[in-house]
Asker: 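Encoded as structure tokens, here's the structure I'll be asking about.
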Amino acid sequence: MSTDDLPLHTHKHSLRIPFNRLFALIYWCAILALLYHHTHSLLHSTTLTSFFITLTLLISDSILAFLNIATQAFRMNPLYRKEYPENLKRVLRKSDLPALDVFICTADPYKEPPMNVVNTALSVMAYDYPTEKVSVYVSDDGGSALTLFAFMEAAKFARHWLPFCRENNILERCPEAFFETDHSSFSEAENIKKMYQGMKVRVDNVIERGKVDSEYITGERESQVFSKWSDGFIRQDHPTIIQVLSDNNKERDITGNAMPNLIYVSREKNRISEHNFKAGALNVLIRVSATMTNAPIVLTLDCDMYSNDPQTLYRVLCYLSDPELRSKLGYVQFPQRFRRINKNDIYACELKRMFVINAEGMDGVLGPDYFGTGCFFNRRVFFGGPSQMLSPEILELAPDNVVDKPIQSTKVLELAHRVAACNYERNTNWGRKIGVRYGSLVEDFFTGYQMQCEGWRSIFCNPARPAFYGDAPINLVDVLNQTKRWTIGNLEVAFSRYSPVTFGVRAMGILMGLSYAHYSFWPIWSIPITVYAFLPQLAILNGITIFPKVSETWFLLYVFLFLGAYTQDFIDFVVEGGTFPRWWNDQRMWMVRALSSLLFGSSGGRRNLLGAQAPPGPYVRPPLFGSIEYLLKSLRISTHVFNVTSKVLDEDQSIRYEQGTIEFGVPSPMFVPLTMAALLNLAAFTWGHVEAFRGRNDLEGLFLQMFIAGFGIVNCIPIYEAIISRNDKGRIPRKTTLVSLLLAFALYLVAYVTLRN
Ligand SMILES: O=c1ccn([C@@H]2O[C@H](COP(=O)(O)OP(=O)(O)O[C@H]3O[C@H](CO)[C@@H](O)[C@H](O)[C@H]3O)[C@@H](O)[C@H]2O)c(=O)[nH]1
Ligand SMILES: [Mn+2]
């Protein structure tokens with residue numbers, strides 16, 4: 001039978017491509033016209049005030065224009081793919097199936113409950129795949145005995161869980177998710193559930209006490225392991241701990257089947273060496289796994305994600321075993337999908353554009369960027385471009401090396417410890433040319449980008465049943481802190497010597513270069529957003545017209561630019577299954593993000609050069625410009641830290657989240673610009689009408705400004721509610737409102753003095 005009859009995968013191009021291209025052309029012409037208009041007015045401005053206002057608008061609109069052009073790159077050639085795993089099983093023998101190493105990262109047992117991490121691991125250990133070919137490596141940057149304890153428990157539970165899933169052909173192989181569904185039709189389920197809950201109680205007890213008491217330790221071997229957590233052991237300074245918790249050469253499940261490998265790794269840490277956060281953790285796992293199993297396929301997973309489909313690996317193999325793709329295929333990326341997002345996704349955490357729409361767009365060119373989780377790599381991709389292999393410093397780490405010793409042999413364990421040491425990477429290519437790349441807080445984005453620059457292709461795989469599910473933050477501060485980390489990370493890429501606009505365009509062509517530029521430069525989108533949130537409003541308050549009148553032709557240009565961008569964005573969103581309320585919240589959240597986290601730095605996150613974390617400070621810290629924070633880093637005055645997002649659910653907060661109420665709560669400086677904008681827009685809109693009513697205003701000339709203020713107000717409704725009508729703990733703290741009010745008034749005074757002369 002020819003392979004045409006048994007396709008492993010197919011794809012089709014979006015029908016909207018011709019329309020998108022035509023529209024992009026028209027839209028670019030409109031943008032050019034606007035920039036011409038501004039330049040013309042700038043050259044003919046009569047007063048200093050009008051000169052500065054026009055200059056501000058010109059700068060803002062140039063930034064918007066650049067970002068818009070970059071966004072159009074995603075729309076030039078979107079692609080939709082489909083895989084046929086059933087065909088794969090007909091052409092590939094079981095014995096030919098490649099092995100898989102799964103990497104799971106965790107960093108803090110209190111922010112990332114070990115039971116969640118355990119669920120992540122169990123869901124992939126239970127993949128529908130020959131168990132002797134699966135190894136799961138857990139990286140614990142928290143260096144916590146609590147996490148290790150949870151995994152010891154998990155290894156025991158897995159001996160029951162895996163055969164249960166296999167024999168009953170369970171789809172939902174993450175225990176927590178499975179027990180949330182109706183499982184009454186499975187006779188053993190109750191038994192397994194009891195075991196699961198027993199494990200949960202033990203793990204939670206240990207977490208609550210903060211240590212593993214002797215009553216929980218069974219046997220000499222376990223107590224020996226925990227004795228490593230001696231007095232001087234702290235998370236920032238401790239030796240490497242590598243613990244094989246399940247070894248497929250030895251362990252059998254209760255039905256006598258081999259168990260997958262499960263290995264706990266907490267790399268060595270000290271205060272002098274840079275440990276490079278998650279990127280460093282992943283590089284240690286790449287090396288440790290190379291010494292033990294060296295599987296040709298590597299899956300990276302965050303501890304807040306779990307597998308939702310045991311067949312996923314077969315989908316991946318549809319691409320990785322395709323002879324036409326194989327030699328250049330670096331990774332297969334699945335979208336991040338989230339489980340508990342509320343109905344209208346108030347924080348726009350679904351990130352449909354980033355995780356689906358844009359990824360499909362890039363897939364039509366050279367493939368999607370790397371999202372940090374839910375990604376299957378060809379191990380070879382970590383070692384230089386497809387035609388230019390970079391050999392690691394020791395032979396055993398090479399991607400084609402075959403491990404011929406059992407994972408618990410002294411030789412293997414010795415080497416594994418050696419490659420997990422703090423100073424192992426000194427004078428090597430790790431983090432620069434080999435492995436996951438250092439130098440950006442979005443190590444995922446930066447790494448995928450560099451791989452693609454080296455000539456690797458990637459594939460976006462988006463099956464109907466989500467391959468993975470994860471959790472997204474459920475309060476505004478967490479969302480904004482996450483955005484802030486991404487902001488800094490993106491700027492680090494934008495202004496590195498690998499900048500997508502120069503290096504990227506040269507290496508991958510204009511479309512890929514622009515796609516990556518869109519992400520790395522998006523923080524500067526906060527400049528136009530801030531200008532449009534304040535300038536037109538301040539102008540209204542001072543009776544100044546800054547946009548064309550309704551009767552002028554230029555007015556139509558503004559209408560077209562606004563409606564064109566919004567409509568196109570809306571169509572993209574809805575075509576991918578979005579709803580109107582979700583889209584509305586999404587566009588609101590991008591403005592919120594722009595006004596707060598993109599611009600301002602906040603709580604924590606800075607450390608001194610020795611790498612010691614600054615002690616947690618009082619609630620309100622002086623706001624810092626994101627760019628200043630970035631600058632401080634560039635001047636080596638401070639460095640950025642990867643602030644892990646909390647995955648602990650507060651009951652009250654969860655309820656408010658379910659109801660769709662925005663959670664402010666803590667007096668964060670990040671809320672100040674937002675609240676200021678809400679107040680000023682309301683003031684301007686009201687004042688504009690009052691003046692018009694008194695006949696002192698020309699509403700025709702102020703129409704665009706009034707429209708912007710009105711649009712701002714509609715977007716700010718939840719903020720007004722959070723200031724005035726809410727009494728719950730999630731309302732905007734009085735202090736924040738007061739500070740914002742004062743600052744808004746100060747801003748008004750400044751404008752009064754400068755604009756009226
Ligand atoms: O020093 C560290 C810090 C973090 N992590 C792990 O990194 C993962 C992601 O951290 P999280 O707090 O969940 O960040 P998110 O913002 O949700 O993560 C997104 O953004 C990150 C880059 O900023 C990517 O690494 C992630 O894959 C991507 O999902 C988690 O598993 C952490 O345990 C470490 O292993 N070591
Ligand atoms: Mn996360």
Side-chain angles (χ1 to χ4, degrees), residues 102-114 116-121 137-144 147 235-236 264-267 269 273-286 299-306 331 333-341 347 349-351 354-355 369-375 377 420 436-449 468-474 477-493 519-520 523 593 597 604-605 607 611 613 639-648:
V102 183
F103 299 168
I104 298 171
C105 288
T106 184
D108 185 331
Y110 294 102
K111 279 182 164 179
E112 305 182 324
N116 293 7
V117 196
V118 159
N119 269 285
T120 308
Y137 293 84
V138 182
S139 155
D140 179 16
D141 268 347
S144 166
T147 305
R235 61 188 293 182
Q236 299 90 346
Y264 170 93
V265 179
S266 186
R267 57 188 167 135
K269 290 263 179 77
S273 315
E274 276 294 341
H275 60 81
N276 298 300
F277 314 109
K278 185 182 168 197
L282 285 174
N283 280 338
V284 167
L285 287 190
I286 294 176
L299 162 65
T300 57
L301 267 185
D302 286 349
C303 62
D304 50 6
M305 290 256 147
Y306 66 82
Y331 56 90
Q333 175 68 62
F334 286 80
Q336 285 205 36
R337 302 279 292 265
F338 303 98
R339 209 169 30 140
R340 293 207 187 87
I341 285 198
Y347 301 124
C349 279
E350 185 185 18
L351 297 169
M354 182 152 94
F355 293 139
D369 50 322
Y370 163 41
F371 306 157
T373 176
C375 186
F377 289 92
V436 179
R437 310 302 151 88
Y438 303 149
S440 166
L441 280 183
V442 285
E443 79 300 323
D444 45 354
F445 175 76
F446 193 38
T447 303
Y449 166 61
F468 302 97
Y469 264 133
D471 289 324
I474 61 156
V477 176
D478 281 350
V479 174
L480 296 181
N481 272 324
Q482 184 188 48
T483 313
K484 198 192 108 199
R485 162 156 43 80
W486 292 348
T487 300
I488 295 171
N490 280 315
L491 286 174
E492 284 172 316
V493 180
Y519 287 119
S520 56
R593 286 179 161 118
S597 51
R607 13 165 244 177
Q613 172 84 47
T639 50
H640 307 307
V641 290
F642 190 123
N643 245 327
V644 178
T645 309
S646 172
K647 283 106 186 162
V648 185

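Only heavy atoms go into these numbers, but all of them, side chains included; no hydrogens, no water, no symmetry mates. Heads up: numbering here begins at 1 and tracks the sequence. Counting convention: from 1, in listed order, for ligands and their atoms alike.
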Asker: Could you tell me whether a side-chain N or O of Glu443 sits under 3.5 Å from a main-chain N or O of Val436, the two making a donor and an acceptor?
Answerer: no
Asker: Could you tell me whether the side chain of Gln482 and the main chain of Pro473 form a donor-acceptor pair under 3.5 Å?
Answerer: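 Looks like no, no N/O pair under 3.5 Å.
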Asker: For atom 1 (O) of ligand 1, what's the nearest protein heavy-atom neighbour? Residue, atom name and distance, please.
Answerer: Phe277 CA, 3.3 Å
Asker: So, do Leu480 and Lys484 sit near enough that their side-chain heavy atoms are less than 4.5 Å apart?
Answerer: no
Asker: Do you know which two heavy atoms are closest between Ile341 and Cys349, and how far apart they sit?
Answerer: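 For Ile341 versus Cys349, the nearest heavy atoms are CD1-C, 3.9 Å.
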Asker: May I ask you to decide whether Arg235 forms a salt bridge with Asp141, counting only side-chain N to carboxylate O separations under 4.0 Å?
Answerer: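 Salt bridge flag = no for Asp141 with Arg235.
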Asker: Do Tyr449 and Tyr519 pass the ring-ring contact (aromatic ring centres under 6.0 Å, His included) test, and can you show the C-alpha distance, the side-chain angles, and the key distance before you say yes or no?
Answerer: CA-CA 11 Å; Tyr449 166 61; Tyr519 287 119; over 10 Å; no
Asker: Do you know the tightest heavy-atom contact between Gly448 and Tyr370?
Answerer: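 Answer, listing the atom of Gly448 first, then Tyr370: CA-CB, 3.9 Å.
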Asker: I'd like to check whether Leu441 has a polar contact with ligand 1, where a contact means an N/O of the residue lying under 3.5 Å from an N/O of the ligand.
Answerer: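 For ligand 1, there is an N or O atom that lies under 3.5 Å from one belonging to Leu441.
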Asker: Within the structure provided, determine whether Leu299 and Phe468 are in side-chain contact (heavy-atom separation under 4.5 Å).
Answerer: yes
Asker: Can you list the ligand 1 atoms lying under 4.0 Å from a non-hydrogen atom of Val644?
Answerer: 3 (C), 4 (C), 12 (O)
Asker: For ligand 1, is Met305 a contact, meaning one of its heavy atoms is under 4.0 Å away?
Answerer: no
Asker: Note the single closest protein heavy atom to atom 23 (O) of ligand 1, along with its residue, its atom name and the distance in Å.
Answerer: Arg485 NH1, 2.7 Å
Asker: May I ask you to check whether Tyr347 and Asp478 show a side-chain donor-acceptor distance below 3.5 Å?
Answerer: no
Asker: Where's the contact between Gln482 and ligand 1, heavy-atom distance under 4.0 Å: side chain, backbone, both or neither?
Answerer: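 Contact part for Gln482 vs ligand 1: side chain (C-beta onward).
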Asker: Looking only at heavy atoms, which two atoms of Gly374 and Leu301 are closest? And how far apart?
Answerer: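 Reported closest heavy-atom pair: N-CD2, 3.8 Å.
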Asker: Only heavy atoms of Asp304, strictly under 4.0 Å: list the atoms of ligand 1 that pass.
Answerer: 13 (O)
Asker: For ligand 1, is Gly489 a contact, meaning one of its heavy atoms is under 4.0 Å away?
Answerer: no
Asker: Taking heavy atoms and a distance under 4.0 Å, where does His275 meet ligand 1: side chain, backbone, both or neither?
Answerer: neither
Asker: Which heavy atom of the protein is the closest neighbour of atom 32 (C) of ligand 1, given with residue, atom name and distance?
Answerer: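 Nearest neighbour among protein heavy atoms for atom 32 (C) of ligand 1, to 0.1 Å: Glu112 OE2, 3.3 Å.
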Asker: Check whether any N or O atom of Phe642, backbone or side chain, sits under 3.5 Å from an N or O atom of ligand 1, and answer yes or no.
Answerer: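 N/O-N/O distance under 3.5 Å: no.
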Asker: For ligand 1, which atoms sit closer than 4.0 Å to a heavy atom of Gln336?
Answerer: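 Listed by number with element, the hits are 28 (C), 29 (O).
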Asker: Starting from atom 31 (O) of ligand 1, find the nearest protein heavy-atom neighbour and note its residue, name and distance.
Answerer: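 Closest protein heavy atom to atom 31 (O) of ligand 1: Cys105 O, 2.8 Å.
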Asker: Relative to ligand 1, is Asp444 under 4.0 angstrom through side chain, backbone, both or neither, heavy atoms considered?
Answerer: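 The side chain, only.
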Asker: For Tyr110 versus Val648, what's the shortest heavy-atom pair and its separation?
Answerer: O-CG2, 3.1 Å
Asker: Considering residues at least two apart in sequence or located in another chain, which fulfil the salt bridge (charged side-chain N to carboxylate O under 4.0 Å, His left out) criterion with Asp302?
Answerer: Lys278
Asker: Tell me whether Asp302 has any N or O atom under 3.5 angstrom from an N or O of ligand 1.
Answerer: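 Checking ligand 1 against Asp302, an N or O pair does fall under 3.5 Å apart.
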Asker: Is Lys111 near ligand 1, meaning one of its heavy atoms is under 4.0 Å from it?
Answerer: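 Flag not set, Lys111 not near ligand 1.
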Asker: Per the side chain to side chain contact (heavy atoms under 4.5 Å, CB included) rule, which among Pro114, Pro113, Ser266, Cys303 passes with Thr147?
Answerer: Pro114
Asker: Find out whether Lys111 and Asn643 are in side-chain contact, i.e. whether some heavy atom of one side chain is under 4.5 Å from a heavy atom of the other.
Answerer: yes
Asker: Walk me through it: do Phe338 and Met305 pass the test side chain to side chain contact (heavy atoms under 4.5 Å, CB included)?
Answerer: CA-CA 9 Å; Phe338 303 98; Met305 290 256 147; 4.1 Å; yes
Asker: What protein heavy atom is closest to atom 12 (O) of ligand 1, reported as residue, atom name and distance in Å?
Answerer: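 Atom 12 (O) of ligand 1 sits closest to the protein heavy atom Thr645 N, 2.7 Å.
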Asker: Measure across Glu112 and Ala107 and return the closest heavy-atom pair with its distance rounded to 0.1 Å.
Answerer: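 In this case the closest contact between Glu112 and Ala107 is OE1-N, 2.7 Å.
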Asker: Backbone or side chain, does any N or O of Ala281 fall under 3.5 Å from an N or O of ligand 1?
Answerer: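 Looking only at distances, the answer is no, because the N/O contact criterion of under 3.5 Å is not met.
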Asker: Can you check whether Asp471 reaches Arg339 side chain to side chain, under 4.5 Å on heavy atoms?
Answerer: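 Yes, side chains in contact.
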Asker: Give the residue, atom name and distance (to 0.1 Å) of the protein heavy atom nearest atom 13 (O) of ligand 1.
Answerer: Lys647 NZ, 2.7 Å
Asker: Under 4.0 Å from any heavy atom of Asp141, which atoms of ligand 1 are there?
Answerer: 1 (O), 2 (C), 34 (C), 35 (O), 36 (N)
Asker: In total, how many protein N/O/S atoms does one find closer than 2.8 Å to the Mn ion (ligand 2)?
Answerer: 1
Asker: Report the nearest protein non-hydrogen atom to atom 25 (O) of ligand 1: residue, atom name, distance rounded to 0.1 Å.
Answerer: Glu443 OE2, 2.6 Å
Asker: To check you understand the geometry: which heavy-atom pair defines the closest contact between Leu285 and Ser139, and what is its length?
Answerer: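 Taking every non-hydrogen atom into account, CD1-CB, 3.6 Å.
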Asker: Distance under 4.0 Å to a non-hydrogen atom of Gly372: what atoms of ligand 1 satisfy this?
Answerer: 27 (O)
Asker: Using a 4.0 Å cut-off to any heavy atom of Thr106, which atoms of ligand 1 qualify?
Answerer: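 The list of qualifying atoms is 33 (O), 35 (O).
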Asker: When you measure from the heavy atoms of Phe445 to every atom of ligand 1, does any distance fall below 4.0 Å?
Answerer: no
Asker: As an exercise, identify every atom of ligand 1 less than 4.0 angstrom from a heavy atom of Phe371.
Answerer: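 Near Phe371, meaning under 4.0 Å from one of its heavy atoms, ligand 1 has 27 (O), 28 (C), 29 (O).
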Asker: Has the side chain of Lys269 got a donor or acceptor atom that lies under 3.5 Å from a matching backbone atom of Arg267?
Answerer: no
Asker: Within the 4.0 Å heavy-atom shell around Cys303, which atoms of ligand 1 are there?
Answerer: 31 (O)
Asker: Is Asn643 in polar range of ligand 1, meaning some N or O pair under 3.5 Å apart?
Answerer: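 No, no N or O pair falls under 3.5 Å.
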Asker: Among all protein heavy atoms, pick out the one at the shortest distance from atom 20 (O) of ligand 1; state its residue, atom name and that distance to 0.1 Å.
Answerer: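 Among all protein heavy atoms, the one nearest atom 20 (O) of ligand 1 is Trp486 NE1, 3.1 Å.
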Asker: Under the 6.0 Å and 45° cation-pi test, does Arg485 pair with Phe642?
Answerer: yes
